[in-house]
There are 2 protein chains.
Amino acid sequence: MKESLTGCSVEESMRLLGGRWRLLLVSYLLDGPKRFNDLRRDVPGISQRMLTLDLRALEDAGLVKRTVYPTSPVKVEYDLTEDGKRLHPVVDVMKEFGLWLKQRDADKTAAR
Amino acid sequence: MKESLTGCSVEESMRLLGGRWRLLLVSYLLDGPKRFNDLRRDVPGISQRMLTLDLRALEDAGLVKRTVYPTSPVKVEYDLTEDGKRLHPVVDVMKEFGLWLKQRDADKTAAR
DNA sequence: CAGTATCCACAATGATACTG
DNA sequence: CAGTATCATTGTGGATACTG
């Protein structure tokens with residue numbers, strides 16, 4: 001394969017996952033299936049609107065599966081698909097970098 | 001101040017790297033130091049403005065070092081710092097996922 | 001419970017022109 | 001060559017109210 005394609009695949013990933021919440025949602029879904037309001041609780045700060053939009057985007061990308069149980073009131077479960085589970089290493093590496101970054105900046109602030 | 005939950009470090013990373021171009025720029029800088037116009041060529045589609053802004057952001061985050069050689073005309077080199085090189089695994093994993101994603105979608109399109 | 005529907009603010013990005 | 005400056009457009013996210 002051409003070299004030019006490899007660079008663009010980073011862009012490709014970021015286009016899908018680059019929002020503020022998407023990868024974060026995925027990181028919670030790695031624990032197992034979750035309901036809508038579970039995710040609202042897990043991700044304090046996200047609005048209903050963004051939660052819906054990002055879940056839809058992940059669903060459209062085939063990374064998340066939405067299951068509706070026709071109880072009353074309805075129960076909806078979100079779960080990673082097999083494709084979605086491919087994000088595990090992505091989440092891990094982002095988490096690790098984020099932790100390091102926060103630690104570094106904490107040290108920087110402390111040193112001032 | 002936000003809570004220091006593990007999940008939030010994913011958010012932390014994405015806040016810094018979540019733009020359209022930043023991680024892509026880093027991926028090219030992993031090859032070695034590059035000049036401004038090298039990067040413009042490497043990343044077709046990026047505007048001068050965004051290239052400047054994102055390089056500044058990465059510089060401010062301590063991930064990229066900017067070196068000016070006082071020749072005429074001036075030569076400016078951008079290079080990853082040691083901290084910036086910590087992004088290598090991030091880039092790798094994003095590249096890998098992006099490649100897989102493009103391949104999957106190509107197959108999907110072909111099957112239509 | 002799990003959403004939609006609106007409306008709005010602001011950030012991100014782009015286009016174009018100009019400069020030391 | 002390596003940028004700035006300015007303006008316009010698009011995208012992202014938030015607030016609030018409402019619904020089956």
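Letters A, B, ... are given to chains in the order of the sequence lines, protein chains preceding strands, and every chain is numbered from 1.
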State whether Tyr78(A) places a side-chain N or O below 4.0 Å from either non-bridging phosphate oxygen (OP1 or OP2) of dG3(C).
-> yes
Report the residue (Leu55(A) or Asp54(B)) whose heavy-atom-nearest nucleotide on DNA chain C is the more 5′ of the two.
-> Leu55(A)
Nucleotide nearest Leu53(B) (side chain, heavy atoms from C-beta), chosen from dT13(C), dG3(C), dA2(D) = dT13(C)
Pick base, sugar-phosphate or nothing for Arg15(A), based on heavy-atom distances below 4.0 Å to the nucleic acid.
-> nothing
Within a radius of less than 6.0 Å around CD of Glu96(A), do more than 12 heavy atoms belonging to other residues, nucleotides or ligands occur?
-> no
May I have the step-by-step check of side-chain contact (heavy atoms from CB on, under 4.5 Å) for Arg15(A) and Arg20(B), ending in yes or no?
-> CA-CA 7 Å; Arg15(A) 273 201 176 286; Arg20(B) 178 169 174 187; 2.6 Å; yes
Would you say a side-chain N or O of Arg56(A) is under 4.0 Å from OP1 or OP2 of dT4(C)?
-> yes
Once you round it to whole Å, what is the distance between P of dA12(C) and CZ of Arg22(B)?
-> 7 Å
Calculate the interatomic distance between Arg40(A) atom CZ and dT4(C) atom P; express it in whole Å.
-> 13 Å
What is the distance from CD of Gln48(B) to P of dA5(D), rounded to the nearest Å?
-> 13 Å
Heavy-atom pair with the smallest gap, counting every atom of Phe36(A) and Gln48(A) = CZ-O, 4.0 Å
Using a 4.0 Å heavy-atom cut-off across all strands, classify Tyr69(A) as base, sugar-phosphate, or nothing.
-> nothing
Counting only Watson-Crick or G-U wobble pairs whose two distances fall under 3.5 Å, which nucleotide matches dA17(C)?
-> dT4(D)
Given dT13(C), dG3(C), dG14(D), which nucleotide is nearest the side-chain atoms of Phe36(A)?
-> dG3(C)
From dT13(C), dA2(D), dG14(D), pick the nucleotide closest to the side chain of Lys75(B)?
-> dA2(D)
Is any side-chain N or O of Arg20(B) closer than 4.0 Å to OP1 or OP2 of dG11(D)?
-> no
Rounded interatomic separation in angstrom, taking CE from Met14(A) and C1' from dG11(D) = 15 Å
Against the side chain of Arg49(A), the closest entry in dG13(D), dG3(C), dG14(C) is dG13(D)
Where the side chain of Val74(B) is defined as all heavy atoms beyond and including C-beta, which of dA2(D), dG14(D), dT4(D) is the nearest nucleotide?
-> dA2(D)
What's the CD-P distance between Glu11(B) and dG13(D), to the nearest Å?
-> 10 Å
Residue Thr52(B), side-chain atoms from C-beta onward, closest of dG3(D), dG3(C), dA2(D) = dG3(D)
Between atom CE in Met50(A) and atom P in dG13(D), what is the gap in whole Å?
-> 4 Å
Nearest whole angstrom, please: distance from the P of dA12(C) to the CG of Leu16(B).
-> 12 Å
Checking Tyr28(B) side chain against Asp42(B) main chain: does a donor-acceptor pair fall under 3.5 Å?
-> yes
Grab the CG-P distance between Leu24(A) and dT12(D) for me, whole Å please.
-> 17 Å
Distance below 4.0 Å between Arg35(A) side-chain N/O and dG3(C) OP1 or OP2 = no
Any sub-3.5 Å donor-acceptor pair from Ser9(B)'s side-chain atoms to Gly98(A)'s backbone N or O?
-> no
Quick one: label Arg66(B) by what it contacts on the DNA or RNA (base, sugar-phosphate, nothing), any heavy atom closer than 4.0 Å.
-> sugar-phosphate
Distance, nearest 0.5 Å, that separates NZ of Lys65(B) from CG of Leu29(B) = 12.0 Å
